[in-house]
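Since the structure comes first, as structure tokens, the remarks are kept for the end.
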There are 2 protein chains.
Amino acid sequence: MTELEKGLSKLEMDVMRAFWKLDRATAREAYEALAETPDSKVEYTTVQTIVGRLEAKGAIERVKKVGNAWLYRALVTRKSIVGRLVDDVVALLEGASQPIVSHLVESGRLSREELLELERLIEKSKREGSDDGE
Amino acid sequence: MTELEKGLSKLEMDVMRAFWKLDRATAREAYEALAETPDSKVEYTTVQTIVGRLEAKGAIERVKKVGNAWLYRALVTRKSIVGRLVDDVVALLEGASQPIVSHLVESGRLSREELLELERLIEKSKREGSDDGE
DNA sequence: TTATATCTACCACGTTTGTGGTATTTGACA
DNA sequence: TGTCAAATACCACAAACGTGGTAGATATAA
């Protein structure tokens with residue numbers, strides 16, 4: 001588990017995405033999930049290698065054998081990885097996090113539903129943790 | 001410039017942070033800026049190497065010689081790098097970007113000012129790009 | 001003008017990552 | 001129960017990264 005501290009590489013992230021999406025999957029299923037996304041040119045054996053490395057790092061684990069293939073499931077949550085990545089970006093911004101949201105809003109990536117949900121979150125946050133600063 | 005497409009590594013990001021913060025800096029100044037931040041244990045020569053790689057990648061460029069040292073400045077903007085990183089995280093979330101904001105709000109990283117600014121941004125966004133088909 | 005502290009230029013090298021091949025095992029079916 | 005497709009185990013290797021050393025150029029100070 002401590003092997004994970006250093007984070008996952010780009011390709012490893014892509015493979016994790018497959019496990020998060022499929023919940024449980026064999027190496028081949030993960031490969032197929034990757035192949036579905038545009039511009040994926042990794043071979044099956046490459047995915048196998050990555051899967052092995054992910055297991056070695058403790059990011060996934062074997063659940064059981066199905067046929068002669070292993071079924072894996074994610075041990076690290078998408079949430080935790082996303083949190084770490086976002087924190088890295090915040091560090092890059094010297095602690096400012098607002099530019100991240102600006103980017104999302106400005107690039108139109110937040111749907112109206114998400115915006116409304118966000119407003120609710122903001123209201124809640126303003127009420128709760130409002131007395132920590134100046 | 002196309003060498004940049006593949007992105008920068010973690011350490012390279014750290015060094016870029018110095019150039020963004022200082023606007024213009026020599027390798028030594030970048031090194032010192034890095035050394036200020038807690039848990040930085042890179043040697044000066046290491047930073048020099050990274051600076052060289054960043055220049056080779058077109059992420060920074062030489063401005064002029066000051067003394068016998070070169071002064072560099074960033075060519076890539078922090079904004080563009082942040083945008084790319086955030087987009088990567090969005091991809092990891094299969095297109096959902098709201099969890100990113102949730103993380104920021106929940107971990108209390110958005111100050112009240114940022115929240116208010118964000119509300120304004122949301123209002124504006126709701127008015128402008130509101131008819132793109134839901 | 002010469003010494004000396006720096007800087008750059010270039011090199012080295014172990015590790016991680018990206019990429020995929022080969023050999024061997026094994027489950028499933030004819 | 002033998003064969004055969006498919007999975008795993010293991011290997012290989014180049015490129016990128018992290019890390020830092022050394023030699024030679026050079027600006028500045030004495």
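Only a predicted model underlies this, so the values are computations on that prediction, with no experimental measurement involved. Note on naming: letters A, B, ... go to the chains in the order of the sequence lines (proteins, then strands), and numbering restarts at 1 for each one.
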Residues two or more places apart in sequence or in another chain: which of them pass side-chain contact (heavy atoms from CB on, under 4.5 Å) with [X]?
X: B/Trp70; answer: B/Arg62, B/Lys65, B/Tyr72
X: A/Ala35; answer: A/Ser40
X: B/Arg53; answer: B/Glu12, B/Thr49, B/Ile50
X: B/Ala69; answer: B/Thr26

Spacing of A/Leu85 atom CG and A/Arg78 atom CZ [to the nearest 0.5 Å]:
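Separation between the atoms: 12.0 Å.
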note: A/Trp70, atom CH2; C/dT26, atom P; distance rounded to Å ~ 11 Å
Between P of C/dA12 and CD of B/Gln48, the distance in whole Å
17 Å
Can you name the residues that form a salt bridge (charged side-chain N to carboxylate O under 4.0 Å, His left out) with B/Arg73, not counting sequence neighbours?
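Expected list: B/Glu61.
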With A/Glu117, which residues qualify under salt bridge (charged side-chain N to carboxylate O under 4.0 Å, His left out), at least two apart?
A/Arg120
Just so I know, are the side chains of A/Leu8 and A/Leu54 near enough to count as touching, which here means a heavy-atom distance under 4.5 Å?
yes
Student check: side-chain heavy atoms of A/Val89 and B/Ile81 closer than 4.5 Å:
no
Need two values: the first and the last nucleotide of DNA chain D, 5' to 3', having an atom under 4.0 Å from any heavy-atom of chain B.
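So the contact region on DNA chain D extends D/dA16 to D/dT28.
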Protein-nucleotides 3-6 of chain C N/O pairs under 3.5 Å:
| residue | atom | partner | partner atom | Å |
| --- | --- | --- | --- | --- |
| C/dT6 | O2 | B/Asn68 | ND2 | 3.0 |

Five pairs at each end of the helix from C/dT1-D/dA30 to C/dA30-D/dT1: take the axis at both ends and give me the angle between them to 10°.
0°
Across the strands shown, which category fits B/Thr49 at heavy-atom distances under 4.0 angstrom: base, sugar-phosphate, nothing?
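Base, at least one base atom sits under 4.0 Å.
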A/Phe19 and A/Ala74 have their tightest heavy-atom pair at CB-CB, 4.4 Å
Toward the 5' end of DNA chain D, by each residue's nearest nucleotide, B/Val66 or B/Thr46:
B/Thr46
Close N or O pairs between protein and nucleotides 14-17 of chain C (under 3.5 Å):
| residue | atom | partner | partner atom | Å |
| --- | --- | --- | --- | --- |
| C/dT17 | OP2 | A/Lys57 | NZ | 3.0 |

Which residues share a ring pair (Phe, Tyr, Trp, His ring centres under 6.0 Å) with A/Tyr31, sequence neighbours left out
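Checked A/Tyr31 against ring pair (Phe, Tyr, Trp, His ring centres under 6.0 Å); matches are A/Tyr44.
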Quick test of your reading: applying salt bridge (charged side-chain N to carboxylate O under 4.0 Å, His left out), list the pairs with at least one residue in residues 81-94 of chain B, sequence neighbours left out, ordered by first then second residue.
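Sorted result for residues 81-94 of chain B: A/Arg17-B/Glu94, A/Lys21-B/Glu94, A/Arg109-B/Asp87.
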